[in-house]
Student: 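Here it is: the structure, laid out below.
Values reported hereafter were calculated over all heavy atoms of this structure, with side chains retained and with hydrogens, waters and symmetry mates removed. Reminder, nothing fancy here: chain letters follow the sequence lines and each chain counts from 1.
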Number of protein chains: 2
Amino acid sequence: MEQGHARALKEAGMKATPKRLAILEALYAESGYASPEELWKRLRDRFDRLGLPTVYRNLEELAASGVITKVIHPNRQLYYFFCPNREHHHHFVCLSCRKVEDLPACGLSALEQEVSRSIGGKVLSHILQLNGLCGVCAAAAGGTP
Amino acid sequence: MEQGHARALKEAGMKATPKRLAILEALYAESGYASPEELWKRLRDRFDRLGLPTVYRNLEELAASGVITKVIHPNRQLYYFFCPNREHHHHFVCLSCRKVEDLPACGLSALEQEVSRSIGGKVLSHILQLNGLCGVCAAAAGGTP
DNA sequence: ATCCTAAAACGAAATCATTTCTATTTAGGA
DNA sequence: TCCTAAATAGAAATGATTTCGTTTTAGGAT
Ligand SMILES: [Mn+2]
Ligand SMILES: [Mn+2]
Ligand SMILES: [Zn+2]
Ligand SMILES: [Zn+2]
């Protein structure tokens, strides 16, 4: 997938630097969301030098250009997730194991229109996320009393 | 409305202390969301002593017991809003003037059920917020070229 | 292949919103 | 009026995130 990631970066107008690619691949390898520091710890051995600010900066840039996604977390820290799905959509997040799953197509445009009209303003963006326990975690929590 | 706020606190199982009431009333007086520090600056003259941590703590407790609402903000700082609507619902937030408006009744339970079923897990909560420009701010931005 | 330059990376240090901690005060039920 | 769990003070700590000035590099141009 290295090639594909390099292409994704080019399409986003970003240089395909080794560190940027490694950050993206590390996130791709995760089954769930990850924090900047976690990714940094996972990657720093692979480079003679890798600064934590570099990881923060790249994740932010990648999210800004839509290559990766931010997760909204109760602790208000930064978490990111790689989702290959290029359509506009939202996510279910497992609060226990960090797994992220796609929701069916976002049906909020009707709501956006209705709200724009009723308030006489402009809806510029929306946030939608479901939180809960994935199948595995729900079974582990409720299944063995 | 002082009486009503005291009652709301009692119903939430919280003591109606003067500072807590003042914080709640200050938020009630706002037309939009507010930060802990803003409320603190507005209130500290009214008391011989009022600590910023007290404001943080009270806002968090009030939000936890559902008396007030947290706003999700791009800068990831804490903002709160007082909404008298006791039904489960979500908000439109004006990114320019901080005004918050109710959205029509949340219709996400069908989605929650579908997702629970399809992933075999449990949906515990959801986040939904529309961001944009209210009527006034949209007119000011686009209306006078 | 070599140059050139804007972009990227470095990392120590700063930032600063938020939380912690321990002592003191208080609301409100008994 | 008493009692006690809850609430407050406020200085200090925290720690995730950002800033800054410098150095390095990717990748298009020559
Ligand atoms: Mn997705
Ligand atoms: Mn509301
Ligand atoms: Zn899970
Ligand atoms: Zn507005």
Student: So which of residues 12-19 of chain A are in contact with DNA chain D, with a heavy-atom cut-off of under 4.0 Å?
Tutor: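 Correct list: A:Lys15, A:Ala16, A:Thr17, A:Pro18.
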Student: Just how far, in rounded Å, is P of C:dA6 from CZ of A:Arg20?
Tutor: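 Those two atoms, CZ and P, are 17 Å apart.
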Student: More than 12 non-hydrogen atoms from neighbouring residues, nucleotides or ligands closer than 6.0 Å to CZ on A:Arg86, yes or no?
Tutor: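 More than 12 within 6.0 Å, yes.
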Student: For DNA chain C, determine which residues of residues 63-71 of chain A have any heavy atom closer than 4.0 angstrom to one of its atoms, and list them numerically.
Tutor: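 Residues of residues 63-71 of chain A that come under 4.0 Å of DNA chain C do not exist, since none gets that close.
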Student: With a 4.5 Å limit on heavy-atom distance, are the side chains of B:Phe82 and B:Leu24 in contact?
Tutor: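 Side chain of B:Phe82 against side chain of B:Leu24, heavy atoms only: contact under 4.5 Å found.
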Student: For residues 61-74 of chain A, dump all side-chain donor-acceptor pairs below 3.5 Å to protein atoms at least two apart in sequence or in another chain.
Tutor:
{"from": "A:Glu61", "atom 1": "OE1", "to": "A:Arg20", "atom 2": "NH2", "distance (Å)": "2.9"}
{"from": "A:Ser65", "atom 1": "OG", "to": "A:Glu61", "atom 2": "O", "distance (Å)": "2.9"}
{"from": "A:Ser65", "atom 1": "OG", "to": "A:Leu62", "atom 2": "O", "distance (Å)": "3.3"}
{"from": "A:Lys70", "atom 1": "NZ", "to": "A:Glu60", "atom 2": "OE1", "distance (Å)": "3.3"}
{"from": "A:His73", "atom 1": "ND1", "to": "A:Asn75", "atom 2": "N", "distance (Å)": "3.0"}
{"from": "A:His73", "atom 1": "ND1", "to": "A:Asn75", "atom 2": "OD1", "distance (Å)": "2.9"}
{"from": "A:His73", "atom 1": "NE2", "to": "A:Tyr33", "atom 2": "OH", "distance (Å)": "3.2"}

Student: Output the rounded distance in Å from CG (B:Leu78) to C1' (C:dT18).
Tutor: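 B:Leu78 atom CG is separated from C:dT18 atom C1' by 7 Å.
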Student: Which two nucleotides bound the region of DNA chain D that has atoms under 4.0 Å from heavy atoms of chain B, read 5' to 3'?
Tutor: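 Footprint of chain B along DNA chain D, 5' to 3': D:dA5 to D:dT17.
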Student: Tell me whether the OP1 or OP2 atom of C:dA17 has a side-chain N or O from B:Arg76 closer than 4.0 Å.
Tutor: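 Answer no for this pair, as no side-chain N or O of B:Arg76 is under 4.0 Å from OP1 or OP2.
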Student: What is the distance, to the nearest angstrom, from the CG atom on A:Leu21 to the P atom on C:dA9?
Tutor: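 Result: 10 Å.
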Student: Where do A:Lys19 and A:Leu50 land on the side-chain contact (heavy atoms from CB on, under 4.5 Å) test, with the steps shown first?
Tutor: CA-CA 8 Å; A:Lys19 286 165 185 178; A:Leu50 174 63; 3.9 Å; yes
Student: Can you tell me how far CG of A:Leu27 sits from CG of A:Leu43, rounded to the nearest 0.5 angstrom?
Tutor: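 The distance works out to 10.0 Å.
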Student: For A:Glu37, check salt bridge (charged side-chain N to carboxylate O under 4.0 Å, His left out) against everything at least two apart and list the hits.
Tutor: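 With neighbours one apart ignored, the set is A:Lys41.
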Student: Nearest 0.5 Å, what's the CG-CG distance between B:Leu124 and A:Asn131?
Tutor: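 Result: 8.0 Å between the selected atoms.
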Student: Please give, in whole Å, the distance from C:dA17 C1' to B:Leu39 CG?
Tutor: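 Distance, rounded to whole Å: 15 Å.
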Student: Measure the CG-CD1 distance between B:Asp102 and A:Ile119 for me, rounded to the nearest 0.5 Å.
Tutor: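 One gets 11.5 Å once the value is rounded to the nearest 0.5 Å.
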Student: Suppose the criterion is ring-ring contact (aromatic ring centres under 6.0 Å, His included): which pairs have a residue in residues 42-66 of chain B, not counting sequence neighbours?
Tutor: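 As it turns out, there is no ring-ring contact (aromatic ring centres under 6.0 Å, His included) pair with a partner in residues 42-66 of chain B once direct neighbours are skipped.
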Student: Among all residues two or more places apart in sequence or in another chain, which pass the side chain to side chain contact (heavy atoms under 4.5 Å, CB included) test with B:Lys10?
Tutor: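 Side chain to side chain contact (heavy atoms under 4.5 Å, CB included) check on B:Lys10 returns nothing, list empty.
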Student: To the nearest 10°, let me know how far the axis at one end of the helix from C:dA1-D:dT30 to C:dA30-D:dT1 is tilted from the axis at the other, five pairs an end.
Tutor: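 For the helix from C:dA1-D:dT30 to C:dA30-D:dT1, the axes at opposite ends meet at about 40°.
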Student: I'd like to know if A:Glu38 pairs up with A:Arg98 as an ion pair, taking the criterion as any Lys NZ or Arg NE/NH1/NH2 lying under 4.0 Å from an Asp or Glu carboxylate oxygen.
Tutor: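 So A:Glu38 pairs with A:Arg98 through a salt bridge.
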Student: For A:Glu114, check salt bridge (charged side-chain N to carboxylate O under 4.0 Å, His left out) against everything at least two apart and list the hits.
Tutor: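 Testing A:Glu114 for salt bridge (charged side-chain N to carboxylate O under 4.0 Å, His left out), a comparison that skips the adjacent residues, returns none.
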Student: Using a strict heavy-atom distance below 4.0 Å, which residues from residues 47-60 of chain A are in contact with DNA chain C?
Tutor: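 By residue number: A:Arg49, A:Leu50, A:Gly51, A:Pro53, A:Thr54, A:Arg57, A:Asn58.
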Student: Quick one: which residue pairs count as a ring-ring contact (aromatic ring centres under 6.0 Å, His included) with a foot in residues 109-129 of chain B, not counting sequence neighbours?
Tutor: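 Output for this query lists B:His88-B:His126, B:His90-B:His126.
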Student: Please enumerate all residues that pass side chain to side chain contact (heavy atoms under 4.5 Å, CB included) together with A:Ser96, with sequence neighbours excluded.
Tutor: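 Partners of A:Ser96 by the side chain to side chain contact (heavy atoms under 4.5 Å, CB included) criterion, ordered by chain and then number, come out as A:Cys94, A:Leu133, A:Cys137.
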Student: Find the distance A:Ile23:CD1 to C:dC10:C1' and express it as a whole number of Å.
Tutor: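 Atom CD1 in A:Ile23 sits about 13 Å away from atom C1' in C:dC10.
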Student: How far apart are the closest heavy atoms of A:His89 and A:Asn85, and which atoms are they?
Tutor: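 Result for this residue pair: CE1-O, 3.3 Å.
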Student: Measure the distance from CD on B:Gln77 to C1' on C:dT19 and round it to the nearest whole Å.
Tutor: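 To the nearest whole Å, that distance equals 15 Å.
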Student: Distance from B:Leu130 atom CG to B:Leu95 atom CG, nearest 0.5 Å?
Tutor: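 So the gap between those two atoms works out to 10.5 Å.
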